[in-house]
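Some notes on the structure that comes next.
Values in this document were obtained by computation on a predicted structure and should not be read as measured data. Sequence positions, counted from 1, serve as the residue numbers for this chain.
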Amino acid sequence: MCRAQGCYSLSNMRTNEEMARLQAAVSALGDVHVSAWPEDTLKDRLGELSATLVTLDALLTRVADEVRARGLRIEEPVPA
């Protein structure tokens with residue numbers, strides 16, 4: 001598919017979709033405020049929350065390691 005900015009392959013379209021999904025995940029996580037959960041709710045969901053956080057950590061580490069394996073650095077954005 002070609003546009004004024006250039007041609008886009010199916011690979012670029014897939015990459016765009018993956019980046020959109022990552023950004024949606026960041027947005028969803030930004031909306032989670034465990035400090036606002038009632039104590040009983042936190043205790044009831046602690047096992048599930050722990051498993052989710054461990055899985056999330058492993059997935060983020062895998063993605064970061066794949067970037068670093070290509071010789072690239074992951075840098076924090078400079079605040080405007």
[X]-[Y] co-clustered via ILVMFWY side chain contacts under 4.5 Å:
X	Y	value
V26	L22	no
L42	V32	yes
L60	L29	yes

> Is a salt bridge present between R21 and E17, judged by a nitrogen-to-oxygen distance below 4.0 Å?
Replying inline: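 Not counted as a salt bridge, because no side-chain N and carboxylate O are separated by less than 4.0 Å.
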
>> I'd like to know whether L59 forms a side chain to side chain contact (heavy atoms under 4.5 Å, CB included) with V63, so could you lay out the CA-CA distance, the side-chain angles of the two residues, the decisive distance to 0.1 Å, and finally the verdict.
In response: CA-CA 6 Å; L59 292 171; V63 172; 5.7 Å; no

> Rounded to the nearest 0.5 Å, how far apart are CE of M19 and CG of N12?
Replying inline: 12.5 Å

>> Return the CG to CD1 distance between D65 and I74, rounded to the nearest 0.5 Å.
In response: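 Reported value, rounded in 0.5 Å steps: 8.0 Å.
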
> Between the side chain of S27 and the main-chain N/O of Q23, is any donor-acceptor distance below 3.5 Å?
Replying inline: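 Such a contact is absent between S27 side chain and Q23 backbone.
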
>> Quick test of your reading: applying salt bridge (Lys or Arg N to Asp or Glu O under 4.0 Å), list the pairs with at least one residue in residues 22-38, sequence neighbours left out, ordered by first then second residue.
In response: none

>> List the residues meeting side chain to side chain donor-acceptor pair (under 3.5 Å) with E39, not counting sequence neighbours, and say none if there are none.
In response: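 Scan of E39 (side chain to side chain donor-acceptor pair (under 3.5 Å), adjacent residues dropped) gives none.
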
> Would D40 and K43 satisfy salt bridge (charged side-chain N to carboxylate O under 4.0 Å, His left out), going step by step from the backbone distance to the final call?
Replying inline: CA-CA 5 Å; D40 289 342; K43 287 178 182 177; 5.2 Å; no

> Are E66 and R62 close enough, and set up right, to give a salt bridge (charged side-chain N to carboxylate O under 4.0 Å, His left out), and what steps lead you there?
Replying inline: CA-CA 6 Å; E66 288 176 1; R62 178 188 56 82; 3.0 Å; yes

